[in-house]
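What follows is a set of notes on a single structure, which appears directly below.
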Amino acid sequence: MLKSARRTKPRNIIAVTPCVLTCSQDSRDAPAGVGSRRPITAIFHNRISIPQGAHVNNADVAATLSEVAALLDLKNESGFKVRAYYNAARAVDGLAEEIRDVAARGSLKNIKGVGSSTAERIDELLQTGSMKYLESLRSEFPSGVRDLLGVPGVGPSLARRVYQELGVESVEQLREASEDGRLAALSGLGEKTAQNVLRNLSRANKRESRISLGKALPVVEELMQALENKAPLRQLTTAGSLRRWAPTIGDIDLMATSVDPDRVMEVFVSLPQVSQVLAHGSTKSAILTDNGLQVDLRIVPDESFGALLQHFTGSKDHNIELREYSLHRGLSLNEYGIAEVETGQRRTFDDEHAFYEALEMAYIEPELRQGAGEIAAARARSLPDLVTTRDIRGDLHAHSEWSDGSVPIESMVEAARARGYEYMAITDHSGGIGLAGGLNPERLLEQIGYIRRLDASLEGFRLLSGSEVDIKRDGSLDFPDELLAQLDWVIASVHSGFTQTREQMTDRIIRAIENPHVDAIAHPTGRLIGRREPYEVDLERVFETAARTGTALEINSFPDRLDLVDTHARRARELGVMLVVNTDAHSPLHLDNIIYGIAMARRAWVEPEGVLNTLPFSELRAQISCVER
DNA sequence: GCCGTTTTCGGCCCGACTGTTTTCAGTCG
Ligand SMILES: Nc1nc2c(ncn2[C@H]2C[C@H](O)[C@@H](COP(=O)(O)OP(=O)(O)OP(=O)(O)O)O2)c(=O)[nH]1
Ligand SMILES: [Mg+2]
Ligand SMILES: [Mg+2]
Ligand SMILES: [Zn+2]
């Protein structure tokens, strides 16, 4: 019998629930989050230059297109053309496949947002390592001028004017011009604009201003609680990337209804954690917290709550696609409701489901709203039946104090049972990598015996003896096959040598996958959000091998891993790979992180059938050949 | 520059807030 440990979700969100994210969840119980990819904006500030003969990856191409867009914008080119380049950049950035593989097939134009012109330029970039069009645009502006766009509040118009009229060629010179009054003296500008620029300089060109969902949540919770205590709210909930369960979020988006919106806004901008008020209106305000996070708050009348939920949850791509589609059918959408263009007749929506229904499509879960085919699927009523945390029957990646976990195996078992799981695998580290407390073969044998005895004593729960065995640089494993053969469950993962070449790393992981004792690969790309880029690896080959050998690939639920990320997990499923959603728990509390892993799976369109640990134990056993008891 | 369940040309989401504006442009979400 299976019972989820998740809290039920509140219907009308009057009080802030203990788990902020339950608020952001819809009828389904599960949550979800934007790809492992580096945010484009963070990249293009660093003038990218690709070394001769180096591998041009998707992020490089996206950054190049994004820089082209920025320079066209500076040049005052058509906004539509600018948007087209930004769109192409985002499309490439969100691609699950390697762009060079796509190019090799001649399929660049099949990418939505990439046409023949951009396709040619991408081809050129891939083949020569540079793009003449970009080079020529660059030659029109000193490189520092583009950096001006990275100052909040400075757009293409202001950047162009200070460059052309004041000769400002860098952020530093912009500061000087703002301080000495030259900027304020420009026609149509004034002292307030100069002061605003000066205030915003410290936030200019932040390398990595996005934070992981896990880091944001405590702040969100605190803010919602504070608002809830002090302001006359009727409804309060999260929106934006938070509600879509994006792996990283750029800001905190909150929305509310109230009998007294002005009062709520007053309270909001006066909260003790506010370090700067960015905007203060009656339906929309924005602040900066003392730890540098931006928080947006929107308020609409109750009757428009559903429409605002739709609008403010985004994503931007999803909204634009939905609005363009609707417009073709004579309907204009905004955050208050739906209007018939012909008659001007408006209809408000207090319910988000009704909003999508009015557009004659199925309700789209927030995790799917990425502009990645969900609208077409909703129209065709063919959206996936997404996996939820309720479907998860066990955790197959967990540590104990035998290696670097913090508690005895028994405590992990207790926590897993408390969640309603019917099985768990203890997968302590192998010892060869000098990891704190990694097990040597003798210790592992000892642990296997210990786990067998413990397992035999458990009613209605199966404890599997496993290992997280290190994949060495040559692709061999840290334990001999005879030892691995005694385990119920083996996951293999990379913990060192991250800088190997792409070919080496790919061969290394593929060799591990082909070992018949290996059941799954943990955190397959090794990225740590905000700290370490994924290692170079040909995932397409990894996926093909995993599918062929029946080896599962993990979605690791740790908030700073989330690896595989959504786009990759989706691609893996397309190629027939079985996924396993694990927490990699090092303590009982970590088991709760499953919500993040499930979120990633949902963002990847994954159904329960695609996740190994949704299987009841009887079926799981058949797949992984573990011992009878 | 991209794109096509009435289109291969003529459209391209829509609104809030700010500042300096006498009627709106710029920036952002
Ligand atoms: N229709 C429309 N909606 C937008 C636009 N920009 C933003 N939105 C909506 C959808 C977004 O999810 C929501 C919040 O905006 P944000 O800039 O905070 O984006 P989001 O939260 O999705 O990502 P983030 O993690 O904050 O970068 O507002 C836009 O240009 N058009
Ligand atoms: Mg946001
Ligand atoms: Mg926002
Ligand atoms: Zn682990």
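Below, chains carry the letters A, B, ... as their sequence lines are ordered, and counting in each starts from 1.
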task: Would you please test A:Asn291 and A:Thr289 for side chain to side chain donor-acceptor pair (under 3.5 Å) and show each step?
output: CA-CA 5 Å; A:Asn291 42 29; A:Thr289 67; 2.3 Å; yes

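- Between A:Leu189 and A:Leu72, the residue whose closest nucleotide on DNA chain B is further toward the 5' end is A:Leu72.
- For A:His328, the side chain to side chain contact (heavy atoms under 4.5 Å, CB included) criterion is met by no residue, not counting sequence neighbours.
- B:dT7: glycosidic angle within 90° of 0, hence syn.
- Nucleotides B:dT20 and B:dG26 are separated by 14 Å at their P atoms, to the nearest Å.
- Here A:Glu77 lies out of heavy-atom contact (under 4.0 Å) with every strand.
- Residue contacts for A:Asn334: at a heavy-atom cut-off of 4.0 Å it reaches the sugar-phosphate backbone alone, with no base atom in range.
- Residue contacts for A:His280: at a heavy-atom cut-off of 4.0 Å it reaches the sugar-phosphate backbone alone, with no base atom in range.
- Residue A:Val154 is in sugar-phosphate contact alone, with no base atom involved, counting any heavy-atom pair closer than 4.0 Å across all strands shown.
- Partners of A:Tyr336 by ring pair (Phe, Tyr, Trp, His ring centres under 6.0 Å), not counting sequence neighbours: none found.
- With no hydrogens or angles considered, no side-chain donor-acceptor pair links A:Asp560 and A:Ser212 at under 3.5 Å.
- Remark: A:Gln164 pairs with A:Arg160 by the side chain to side chain contact (heavy atoms under 4.5 Å, CB included) rule, at least two apart or across chains.
- Listed by residue number, A:Lys284, A:Gln294 are the residues of residues 284-295 of chain A with a heavy-atom contact under 4.0 Å to DNA chain B.
- At a threshold of 4.0 angstrom between heavy atoms, the contacts of A:Tyr85 are confined to the sugar-phosphate backbone, with no base atom among them.
- Using a 4.0 Å heavy-atom cutoff across all strands shown, A:Leu322 reaches no nucleic acid atom at all.
- Each of A:His311 and A:Gly190 has a nearest nucleotide on DNA chain B; the 5'-most of these lies closest to A:Gly190.
- The partner of B:dG4 is B:dC9, by the rule that a Watson-Crick or G-U pair needs both atom distances under 3.5 Å.
- Straight-line distance between the C1' atoms of B:dG11 and B:dT6: roughly 14 Å, to the nearest whole Å.
- Comparing the C1' positions of B:dT7 and B:dC12 gives an interatomic distance of 13 Å, to the nearest angstrom.
- For DNA chain B, the residues of residues 164-188 of chain A within the heavy-atom distance limit of 4.0 Å (strictly under) are A:Gly188, sorted by number.
- Evaluation of the ring pair (Phe, Tyr, Trp, His ring centres under 6.0 Å) test over residues 148-179 of chain A, restricted to residues two or more places apart or in two chains, returns A:Phe141-A:Tyr163.
- With salt bridges taken as basic N to acidic carboxylate O contacts below 4.0 Å, one links A:Arg138 and A:Glu135.
- Using a 4.0 Å heavy-atom cutoff across all strands shown, A:Glu335 reaches sugar-phosphate atoms only and no base atom.
- For A:Glu340, the side chain to side chain donor-acceptor pair (under 3.5 Å) test picks out A:Thr343, with sequence neighbours left out.
- Considering only residues two or more places apart in sequence or on other chains, A:Ala103 meets the side chain to side chain contact (heavy atoms under 4.5 Å, CB included) condition with A:Leu108, A:Asp123, A:Leu126.
- Distance check on atom P: B:dT5 versus B:dC13 gives 16 Å, rounded to whole Å.
- Heavy atoms of A:Ser326 sit nowhere under 4.0 angstrom from any nucleic acid atom.
- With both ends at atom P, the span from B:dG29 to B:dT23 equals 29 Å, rounded to whole Å.
- If you take atom P in B:dC28 and the same atom in B:dT22, they sit 23 Å apart, rounded to whole Å.
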- prompt: Given the rule in the side-chain contact (heavy atoms from CB on, under 4.5 Å) test, do A:Gln273 and A:Ile287 qualify, once you have shown the distances and angles that lead to the verdict?
  reply: CA-CA 9 Å; A:Gln273 46 278 76; A:Ile287 56 112; 6.0 Å; no

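- Reading DNA chain B from its 5' end, the first and the last nucleotide to sit under 4.0 Å from a heavy atom of chain A are B:dG1 to B:dG29.
- Looking at residues two or more places apart in sequence or on another chain, you find a salt bridge (charged side-chain N to carboxylate O under 4.0 Å, His left out) between A:Arg182 and A:Asp180.
- For the salt bridge (charged side-chain N to carboxylate O under 4.0 Å, His left out) test, no residue two or more places apart in sequence or in another chain qualifies with A:Glu607.
- Distance noted for atom C1' between B:dT21 and B:dT27: 16 Å (whole Å).
- Looking at residues two or more places apart in sequence or on another chain, you find no ring pair (Phe, Tyr, Trp, His ring centres under 6.0 Å) involving A:Phe268.
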